[in-house]
> 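My structure is below; once you've seen it, I'll send some questions.
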Amino acid sequence: AATYRRIVHNEILETLNQRNGSRSLGSRYQYKQIFYFHYSDGAKMVTVGGLVYDEGLSPHVEKCAFENLPFVRTSDDPYLIEVPNLTYREIRHLDSQLPVDDYKVLQAPDIPETDLKKYGQVYRYFPTFAEADM
C-alpha cells in the first residue's frame, strides 16, 4: 500500500511540475493530500486522494481546516478503516438508533461489541446501497 501511495503521489507531483512550467508565480497548481486509507473487505485495499488547486486559493484551502477531521491524512501515515462484520439488516437496525455519543447505548444484543465499536466509528461514511427495478 505504501508503494502504491508513493507512486500516485509522485505521478501527481511530476504532472503538476510539467503543467506549472509555463505558469506564472501565484497561479501554479498545488496538490494537498487529504486522505490515505487502508482497509480490508476480503482483499487488502488502499485509497488515496486529495485536492489540486491554484496556489492563489491557498488561503481558502487552509480555511477548510481539513486537518481537524479525524480521518484526514496529509502524510504517508494511513488511516486504518476497520470494517465491521455486519449484515445489511444489522446496519439498518443500528442506523435507526444513530447518532449517539457512545456506541455502548446501542440496542443490539446479538452483535459483538467490537463490531458495534467499529461501526460507531465509521457509520457516517459507510456506503449506502439501494436496489430498484425499473
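In what follows, residues are counted from 1 in the order of the sequence shown. Hydrogens, waters and symmetry mates are skipped; everything else that's a heavy atom, side chains included, is used.
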> Of all the heavy-atom pairs spanning P59 and G56, show the shortest one and how long it is.
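Nearest pair, atom of P59 first, then G56: CD-O, 3.6 Å.
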> Atom CG in L116, atom CD in Q121: separation rounded to 0.5 Å?
11.5 Å
> So which heavy atom on Y123 is nearest to which on V100, and how close?
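Of all heavy-atom pairs spanning Y123 and V100, the closest is OH-N, 4.4 Å.
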> Hey, quick one: are Y53 and Y29 part of the same hydrophobic cluster, counting side-chain heavy atoms closer than 4.5 Å, chains of contacts allowed?
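They do not share one cluster, since no chain of ILVMFWY contacts under 4.5 Å joins Y53 to Y29.
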> For S40 versus V83, what's the shortest heavy-atom pair and its separation?
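Taking every non-hydrogen atom into account, O-CG2, 3.7 Å.
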> Same cluster or not: L57 versus V52, using hydrophobic residues (I, L, V, M, F, W, Y) connected whenever any side-chain heavy atoms lie under 4.5 Å apart?
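Shared cluster, no.
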> E67: what forms a salt bridge (charged side-chain N to carboxylate O under 4.0 Å, His left out) with it, not counting sequence neighbours?
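By the salt bridge (charged side-chain N to carboxylate O under 4.0 Å, His left out) rule, E67 matches K32.
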> Heavy-atom count check: over 12 atoms from other residues, nucleotides or ligands less than 6.0 Å from D101 CG?
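Result for CG/D101: open.
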> Treat each ILVMFWY residue as a node, draw an edge where side-chain heavy atoms are under 4.5 Å apart, and state whether V48 and L69 are in one component.
no
> Do the non-hydrogen side-chain atoms of Y36 and V46 ever get within less than 4.5 Å of each other?
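Yes; the side chains approach each other to less than 4.5 Å.
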> Any donor-acceptor pair under 3.5 Å linking the side chain of R73 with the backbone of P70?
yes
> How about N85 and Y119: does a side-chain donor come under 3.5 Å of a side-chain acceptor?
no
> Tabulate below the donor-acceptor pairs under 3.5 Å that side-chain atoms of residues 4-15 make, not counting sequence neighbours, or state none.
unit_1: R5; atom_1: NE; unit_2: Q33; atom_2: OE1; d: 3.1
unit_1: R5; atom_1: NH2; unit_2: Q33; atom_2: OE1; d: 3.1
unit_1: N10; atom_1: ND2; unit_2: R6; atom_2: O; d: 3.3
unit_1: T15; atom_1: OG1; unit_2: E11; atom_2: O; d: 2.9

> Go through the steps for E113 and K104 under the test side-chain contact (heavy atoms from CB on, under 4.5 Å), then give the verdict.
CA-CA 8 Å; E113 186 174 335; K104 292 179 182 179; 3.8 Å; yes
> Quick one: does any side-chain atom of D115 pair with a main-chain N or O of P84 as donor and acceptor, under 3.5 Å?
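Side chain of D115 to backbone of P84, a donor-acceptor pair under 3.5 Å: no, none is there.
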> Would you check, one step at a time, whether the test ring-ring contact (aromatic ring centres under 6.0 Å, His included) holds for Y125 with F71?
CA-CA 11 Å; Y125 317 107; F71 55 84; 5.0 Å; yes
> Please tell me if the side chains of L106 and I111 come closer than 4.5 Å, counting only heavy atoms from C-beta onward.
no
> For the ring pair Y39 and F37, is the centre-to-centre distance below 6.0 Å?
no
> At what distance, to the nearest 0.5 angstrom, does CZ of R23 lie from CG of L16?
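R23 CZ to L16 CG: 10.0 Å, rounded to 0.5 Å.
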> So does K118 get a backbone contact from the side chain of E82, meaning a donor-acceptor N/O pair under 3.5 Å?
no
> State yes or no: do Y31 and L25 share one hydrophobic cluster built from I, L, V, M, F, W and Y residues joined by side-chain heavy-atom distances below 4.5 Å, directly or via other members?
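No, Y31 does not connect to L25 through the hydrophobic network.
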> Restricting to non-hydrogen atoms, name the atom on V72 and the atom on I34 that form the minimum distance, rounded to 0.1 Å.
CG1-O, 3.2 Å
> Quick check: is Y103 connected to V122 through a chain of hydrophobic side chains (ILVMFWY, heavy atoms under 4.5 Å apart)?
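Looking at the clustering, Y103 is in the same group as V122.
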> What do you reckon, are the aromatic ring centroids of F66 and F35 less than 6.0 Å apart?
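F66 vs F35: aromatic centres not under 6.0 Å.
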> Nearest 0.5 Å, what's the CD-OG distance between Q107 and S96?
10.5 Å
> Between the side chains of R28 and D54, is the shortest nitrogen-to-carboxylate-oxygen separation below 4.0 Å, so that they form an ion pair?
no
> Between H38 (side chain only) and T47 (backbone N and O only), is there a donor and an acceptor less than 3.5 Å apart?
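Side chain of H38 to backbone of T47: no pair is present.
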